[in-house]
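Chain A is the first sequence line, chain B the second, and so forth, proteins listed ahead of strands; every chain is numbered from 1.
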Number of protein chains: 2
Amino acid sequence: MEKNNFKILVVDDEPDIVEFIVYNLKREGYEVSSAHDGLEGIKVAEKVKPDLIVLDIMMPRLDGVEVCEHLRRNPTFKNTLIIFLTALGDEQSEIKGLNAGADDYIVKPIKPKILLTRVKALLRRLSPDEVSGKNQIGDFIIDTEQYLVHYKKDHYSLPRKEFELLNLLISKPGKVFHRDEILNKVWGTEVIVGDRTIDVHIRKLRQRFGDDHISTVKGIGYKFEA
Amino acid sequence: MEKNNFKILVVDDEPDIVEFIVYNLKREGYEVSSAHDGLEGIKVAEKVKPDLIVLDIMMPRLDGVEVCEHLRRNPTFKNTLIIFLTALGDEQSEIKGLNAGADDYIVKPIKPKILLTRVKALLRRLSPDEVSGKNQIGDFIIDTEQYLVHYKKDHYSLPRKEFELLNLLISKPGKVFHRDEILNKVWGTEVIVGDRTIDVHIRKLRQRFGDDHISTVKGIGYKFEA
DNA sequence: AATGATCCTTAACTTTTACTTAACACAGTC
DNA sequence: GACTGTGTTAAGTAAAAGTTAAGGATCATT
C-alpha cells in the first residue's frame with residue numbers, strides 16, 4: 001500500500017455502497033471519511049476539507065447536485081474535486097451534475113478499477129508540480145528516476161545541482177524563473193549561497209548543451225527556450 | 001455564440017465523427033483544429049498547443065493511449081486536458097486511458113450535449129491559470145510569465161523597466177498615469193530619478209512599437225491608447 | 001582512515017546590458 | 001519672447017551576469 005496524503009469524502013445514503021467505496025479507497029492509502037446524506041456531507045466536508053468528494057446524486061434531505069452547488073459557492077471548496085455517482089443512463093443528471101461544477105461522474109454499478117483510476121486521474125491534476133518519471137521537451141528527456149538527461153541520442157549523468165536546475169527550468173518551458181525562485185526550489189530556503197552560484201551552474205549547463213537552450217532575462221532570471 | 005479563446009484539437013480516424021465534433025465545438029465558439037491519426041495528432045498538437053484534446057483510442061499508426069502518454073511526457077502538455085473517445089463498454093481501454101493521463105473519456109456514440117458539458121467542465125478548471133500572467137489589448141499581449149511582449153505576430157523581449165512601464169500603461173488602457181504614479185509603481189518609492197528618465201523609456205517603447213500607442217498628456221502623464 | 005575524484009561554492013575580475021543623466025531642441029502657453 | 005513641460009540624443013555610470021580558477025566539501029573506494 002503506497003502512502004499518499006489525499007483526503008476523500010464519500011457521500012451516499014446506501015451504507016453498503018459507502019462501505020464498498022471506502023474500503024477500496026482506503027486500500028489505496030487515501031484518508032477516507034464518509035457521510036450518509038447531503039446535509040451531513042456538507043458538514044463533514046467543512047470539517048475535514050477533503051481534496052475529493054465522491055457524491056451520490058439521489059439522496060434524501062439534500063441531493064448531490066444541491067450539495068455540489070452549495071460547496072462550489074464556498075471558496076474553500078472551489079478547487080475540491082467532485083465525482084458524482086449516477087444511476088445507469090441517467091443522462092439528465094449527468095449534465096446537471098457537470099453544470100453544477102462537478103469534475104466527473106461514475107455510473108452505477110460501481111466497478112472498483114474504474115473508480116480508482118478516475119480518482120487517481122483527477123488527483124494527479126491537483127499536484128502539478130510533481131515531476132516524477134520522464135519529462136520530454138524538444139531534444140531533451142529528463143529522467144528523474146535515474147537522474148539522467150537524454151539529449152540528442154546521448155545521455156548524460158549530471159551532477160545533482162545541475163540536474164535539478166535543468167529540471168526546474170524544463171518543467172515549465174518558456175517561463176522565466178526568478179533567481180529567488182530558483183534558489184528556493186533548487187537550494188532550499190535554509191541555505192544561503194552567493195549570487196554567482198546560480199550563474200556558474202547555468203554556465204555548466206550551457207557548456208554541455210550549447211548556449212541556445214537557456215536564456216537570460218536580465219534583472220529577473222533564466223528560462224528554458226522551447 | 002459566446003467568445004472564448006480556448007483551443008481544442010480533435011483527433012479521430014473517422015472523418016464523419018471529426019466533422020461532427022468539430023461542428024459542435026465551433027458552434028460554441030471554440031477554436032478547433034483536427035487530425036486523422038495519432039502521429040498527425042501529435043504534430044498538430046505541438047503546433048497549435050491546444051488547451052484540450054478530444055482523442056479517439058482506436059486509431060491507425062498510433063493509438064490514443066500512446067498519443068496521450070507521449071504528450072504527457074512533454075511539460076508543454078502537462079496541463080493540456082485530454083478526453084478519450086471509447087467504444088461502448090470497453091472498460092479496459094477506459095482504465096488504460098485514465099492511467100495514461102487522460103482527464104476524462106466519453107463513450108461512443110457521442111451525444112453533443114454530453115460532449116459539450118464535459119468540455120466545459122474541464123475547461124472551467126483550466127481558466128484561472130490561463131488568465132493569470134497574460135494581458136491582451138489590441139495587438140499587444142503582455143506575458144508576464146515569460147517576460148515577453150507579443151505584438152502583431154512578433155514577440156519582443158524588453159528590458160525590465162521598459163517592460164514594466166508598458167505593462168503598467170496597458171493594465172488600464174486609456175487611463176492617464178501621472179508621472180508620480182509611474183515613478184512609484186515602476187521605480188518604487190525609494191529610488192529618486194530625474195525627470196527625463198521616464199521620457200527616455202517612453203521613447204524607447206515608441207521606437208519599438210510606433211508612436212500611435214502611447215500618448216502624452218501634457219502636465220499630467222502618459223496613457224496607452226486602446 | 002587515507003586517497004582520489006567529483007562536485008559545489010566563492011571571490012576576483014571582465015564583459016555586457018540596461019539605466020540614468022545632462023545638454024540641448026522643440027512646442028505650446030501666458 | 002520667456003517659461004514650462006516634453007522630445008531626443010549620446011555619453012557616462014551603475015548593475016547584473018559571465019567567466020575563471022582555486023579551495024573546500026562530499027563521496028566512494030580502497
Side-chain angles (χ1 to χ4, degrees), chain A residues 144 146-149 155-169 175-225, chain B residues 144 146-149 156-169 176-225:
Chain A
T144 51
Q146 305 196 35
Y147 258 76
L148 276 180
V149 175
H155 58 89
Y156 304 82
S157 160
L158 307 197
R160 194 157 53 245
K161 286 284 190 284
E162 263 177 80
F163 184 88
E164 281 168 11
L165 178 54
L166 179 63
N167 192 33
L168 175 66
L169 295 179
K175 182 198 157 164
V176 177
F177 288 86
H178 290 244
R179 295 178 86 89
D180 293 348
E181 196 178 349
I182 294 175
L183 283 177
N184 279 331
K185 300 223 166 125
V186 177
W187 275 264
T189 43
E190 296 119 49
V191 192
I192 294 162
V193 290
D195 251 11
R196 300 275 65 68
T197 303
I198 295 180
D199 306 46
V200 172
H201 284 93
I202 290 285
R203 176 152 189 288
K204 286 183 179 156
L205 287 172
R206 298 217 258 232
Q207 276 185 323
R208 241 188 251 274
F209 303 113
D211 290 359
D212 305 335
H213 302 110
I214 298 170
S215 60
T216 306
V217 181
K218 248 203 148 178
I220 313 290
Y222 297 92
K223 68 172 160 179
F224 184 87
E225 294 287 350
Chain B
T144 51
Q146 305 204 13
Y147 257 82
L148 280 179
V149 175
Y156 304 83
S157 168
L158 311 195
R160 197 170 48 174
K161 288 281 190 292
E162 264 178 79
F163 185 88
E164 282 167 10
L165 177 55
L166 179 62
N167 193 30
L168 175 66
L169 295 179
V176 180
F177 287 87
H178 290 243
R179 296 177 84 89
D180 293 348
E181 195 178 351
I182 294 175
L183 283 176
N184 277 331
K185 300 226 167 117
V186 177
W187 274 264
T189 43
E190 292 126 47
V191 193
I192 295 162
V193 291
D195 251 11
R196 299 275 65 67
T197 303
I198 295 180
D199 306 47
V200 171
H201 284 94
I202 290 285
R203 177 154 189 288
K204 285 184 179 155
L205 288 172
R206 283 175 173 159
Q207 276 187 321
R208 242 188 249 275
F209 303 113
D211 290 357
D212 306 334
H213 302 109
I214 298 170
S215 58
T216 306
V217 181
K218 248 198 147 180
I220 313 289
Y222 299 92
K223 69 172 166 178
F224 183 86
E225 296 288 348

> Where do Lys161(B) and Trp187(B) land on the side chain to side chain contact (heavy atoms under 4.5 Å, CB included) test, with the steps shown first?
Replying inline: CA-CA 8 Å; Lys161(B) 288 281 190 292; Trp187(B) 274 264; 3.2 Å; yes

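- We find that CD1 of Ile202(B) is positioned 13 Å from P of dT20(C), with the value rounded to whole Å.
- Rounded to an integer number of Å, the gap from Arg208(A) CZ to dC7(C) P is 8 Å.
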For nucleotides 9-15 of chain C, tabulate all protein N/O to nucleotide N/O atom pairs closer than 3.5 Å, reporting atom names and distance.
residue	atom	partner	partner atom	Å
dT9(C)	OP1	Trp187(A)	NE1	3.0
dT9(C)	OP2	Trp187(A)	NE1	2.8
dT10(C)	OP2	Gly194(A)	N	2.6
dT10(C)	OP2	Thr197(A)	OG1	3.2

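- For the pair Gln207(B) CD and dC19(C) C1', the computed distance is 15 Å after rounding to whole Å.
- Taking atom CG of Asp180(A) as the reference point, atom P of dA17(D) lies 11 Å away to the nearest angstrom.
- Rounded to an integer number of Å, the gap from Leu183(B) CG to dT6(D) C1' is 14 Å.
- Regarding contacts with the backbone of dG18(D), a side-chain N or O of Arg206(A) is found under 4.0 angstrom from either OP1 or OP2.
- For Lys223(B) (side chain) and Leu169(B) (main-chain N/O), no donor-acceptor pair under 3.5 Å exists by modelled atom type.
- Under 3.5 Å, the side chain of Lys218(A) and the base of dT17(C) form at least one donor-acceptor pair of N or O atoms.
- The OH atom of Tyr156(B) lies 14.5 Å from the CZ atom of Phe163(B); values are rounded to the nearest 0.5 Å.
- Heavy atoms of Tyr222(A) sit under 4.0 angstrom from primed sugar atoms or phosphate atoms, though from no base atom.
- Taking all atoms of both residues into account, the shortest heavy-atom contact from Leu168(A) to Phe177(A) is O-CZ, 3.3 Å.
- A donor-acceptor pair is defined here as one N or O able to donate and one able to accept, closer than 3.5 Å; such a pair exists between the side chain of Arg206(B) and the backbone of Ile214(B).
- Remark: side-chain polar atoms of Arg179(A) are not paired, donor with acceptor, to backbone N or O of Gly221(A) under 3.5 angstrom.
- Between the CG atom of Asp199(B) and the C1' atom of dG5(D) there is a distance of 9 Å, rounded to whole Å.
- The separation between Arg203(A) atom CZ and dA21(D) atom P is 9 Å, rounded to whole Å.
- Contacts classified as salt bridge (Lys or Arg N to Asp or Glu O under 4.0 Å) and involving residues 207-220 of chain A (residues at least two apart or in different chains) are given here: Glu162(A)-Arg208(A).
- For the pair Asp211(A) CG and dA17(D) P, the interatomic distance rounds to 16 Å; values are reported in whole Å.
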